[in-house]
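I have placed the structure first, in the form of structure tokens, so that the comments after it can refer back to it.
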Amino acid sequence: MIVKFIRRLLGGGASESAPPAPAARPPAASGPTLLTYRGSELGIKREQISPAAMKTCEVLQRGGYKAFVVGGGVRDSLLGLQPKDFDVATDATPEEVQALFRRARIIGRRFKIVHVMFGRETIETSTFRALQTDAETDEHGRVLRDNVFGSQHEDALRRDFTINALYYDPIGDQVLDYLGGVADLKARRLRMIGDPATRYREDPVRMLRTVRFAAKLDFEVDPATLAPVRELASLIENVPSARLFDEMLKLLESGHALACVRRLRAEGLHHGVLPLLDVILEQPHGERFIEVALANTDDRVRAGKSVSPGFLFATLLWQLVSDRWQALMAGGEHSIPALMQAMDSVLDEQASKLAIQRRHIADMREIWGLQPRLEKGGRGAIRALEHLRFRAGFDFLLLRVEAGELPASLGQWWTQFVEGDAATREQLLDARPGEARTGPARRRRRRSSARRTSANGDPDHGGDGAIADDGVPADRAASIDRDWPSDLQGGGSPRDRDPQR
């Protein structure tokens with residue numbers, strides 16, 4: 001695919017070191033040199049462009065304005081990838097854009113944009129931004145307000161990377177390149193526009209984007225672009241938590257999450273994203289578990305399957321939850337209350353860094369909360385199977401097995417139970433899974449002789465006085481199960497559900 005792209009760039013018989021001949025090369029006295037190309041000659045296929053983005057450009061151009069698809073939609077099309085998002089840039093102001101569309105709304109204060117809506121698809125439409133020397137910033141240099149509009153060549157200079165500063169007119173089939181983005185795509189090079197240190201100070205999230213694009217596209221980062229990252233990594237801590245969560249989610253859902261996390265550590269950026277990531281990876285099974293979980297996520301993304309944000313963050317924070325759960329049980333706390341306390345403490349610590357939405361936190365709690373029930377197996381397996389988040393909890397259990405945290409026999413038992421028919425399940429219920437302890441061994445309570453003897457004088461090996469696997473009397477264990485928090489309850493058959501939805 002890349003070979004085809006390079007051939008298109010070279011225009012057939014041209015030298016491999018020469019970029020494609022531009023259609024025009026007008027001089028630029030006050031701005032960057034503009035190169036123009038025909039999109040079809042570079043390999044852009046109009047059928048790859050979202051009809052909603054095409055319509056947005058068409059309506060704006062009919063209204064007398066310039067309008068171009070810009071950013072990732074152009075970049076990915078040139079690389080032969082299927083773009084996921086399409087943004088539009090225009091010289092129309094947000095109010096002028098809104099006036100042209102029936103369903104459009106202006107959002108943002110720091111950076112006003114317009115969401116133009118077509119059914120379920122939303123096209124993010126922004127006005128060309130001007131270069132500013134006196135923008136309002138915080139004490140670290142982060143731009144706080146950015147609603148000064150300017151020319152298209154200024155807008156190009158304001159973008160982060162050269163490969164993201166390409167403008168494509170889908171109506172006229174024309175690509176505008178002010179900063180050598182086409183040549184950088186050909187060289188598979190990621191290069192920051194302007195002084196990298198200044199650009200990172202303006203918006204520290206650009207450091208995360210550098211890591212994400214380098215991993216996702218398998219591009220080499222320009223040395224000057226990479227040099228200031230380690231020194232300025234602490235600026236990530238000044239980014240609003242909601243925006244940091246969105247950027248982290250993009251990184252994890254890129255299809256190259258494992259490579260991104262490794263790159264985050266290499267560049268010293270993980271302290272501002274997941275401050276406890278080092279602690280997680282230093283645990284006995286921590287690094288293996290993270291690698292298995294992220295590799296699984298990458299496989300799903302590349303296969304076009306959905307990925308649950310709750311599942312992703314549940315995997316990243318699990319080792320912290322697990323360690324505290326074990327510590328609390330070692331101190332004498334019962335399994336379920338100990339797990340609840342461990343969840344609360346970890347989530348409270350992360351709340352100041354990552355604004356994880358409540359619905360994702362609820363998913364994380366359910367996935368974690370299912371683990372002791374799945375470890376136990378037995379007759380409780382029937383009830384666990386009907387839990388709304390069973391499939392996610394089951395997938396999570398299999399990750400723990402694959403990482404060596406739990407015995408393979410437990411994963412095999414549950415896999416057979418999930419896939420088996422009623423008769424198979426009944427047989428499996430009589431053949432309990434092997435020991436699968438997460439925490440330290442717990443001392444079993446001695447029962448009185450009266451409770452060890454049944455009404456007919458025979459030894460009692462079960463019944464209401466039996467000791468549950470977690471060291472709690474069975475009658476109390478049943479009570480705990482009945483009193484499980486309502487947000488962990490679910491219903492419906494899980495057999496046909498997507499494992500991570």
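Annotation: side-chain hydrogen bond (donor to acceptor under 3.5 Å, both in side chains) contacts of Asp299 (sequence neighbours excluded): none. Under the side-chain hydrogen bond (donor to acceptor under 3.5 Å, both in side chains) criterion, Thr415 pairs with no residue, sequence neighbours left out. Residues forming a side-chain contact (heavy atoms from CB on, under 4.5 Å) with Gln412 (at least two apart in sequence, or on another chain): Ala408. Among residues two or more places apart in sequence or in another chain, the side-chain hydrogen bond (donor to acceptor under 3.5 Å, both in side chains) test is passed with Arg359 by Gln357. Residues satisfying the salt bridge (charged side-chain N to carboxylate O under 4.0 Å, His left out) criterion with Glu426, sequence neighbours excluded, are Arg379. Listed by chain and residue number, Pro94, Glu95, Gln98, Lys112, Val114 satisfy the side-chain contact (heavy atoms from CB on, under 4.5 Å) test with Ile106 (two or more places apart in sequence, or in another chain). Tyr167 is linked by a side-chain hydrogen bond (donor to acceptor under 3.5 Å, both in side chains) to Asp155, Arg159, counting only residues two or more places apart in sequence or in another chain. Among residues two or more places apart in sequence or in another chain, the side-chain contact (heavy atoms from CB on, under 4.5 Å) test is passed with Glu267 by Leu226, Val229, Arg263, Leu269. Applying the salt bridge (charged side-chain N to carboxylate O under 4.0 Å, His left out) rule to Arg191 yields the partners Asp184; only residues at least two apart in sequence or on another chain are considered. Residues that satisfy the ring-ring contact (aromatic ring centres under 6.0 Å, His included) test with Phe219, not counting sequence neighbours, are absent from this structure. For Ile356, the side-chain contact (heavy atoms from CB on, under 4.5 Å) partners at least two apart in sequence or on another chain are Phe245, Phe313, Leu354, His360, Ile361, Met364.
In this structure, the ring of Phe396 has its center less than 6.0 angstrom from the ring center of Phe289.
Sorted by first and then second residue, the salt bridge (Lys or Arg N to Asp or Glu O under 4.0 Å) pairs involving residues 212-231 (not counting sequence neighbours) are Arg212-Glu247.
Residue-environment remark: CZ (Arg302) exceeds the threshold of 12 foreign heavy atoms within 6.0 Å. Other residues, nucleotides and ligands contribute more than 12 heavy atoms inside 6.0 Å of the CZ atom of Arg46.
Judged by the 6.0 Å and 45° rule, Arg206 forms no cation-pi pair with Tyr200. With Phe394 as the aromatic partner, Arg389 does not meet the cation-pi criteria of under 6.0 angstrom to the ring centre and within 45 degrees of the ring axis.
Checking side-chain atoms of Gln371 against main-chain N and O of Gly393 turns up a donor-acceptor pair under 3.5 Å.
Applying side chain to side chain contact (heavy atoms under 4.5 Å, CB included) to Ile123 and the options Val69, Asp85, Val88, Asp87 leaves one that passes, Val88.
One finds a salt bridge joining Asp344 and Arg365 here, because a Lys/Arg side-chain nitrogen approaches an Asp/Glu carboxylate oxygen to under 4.0 Å.
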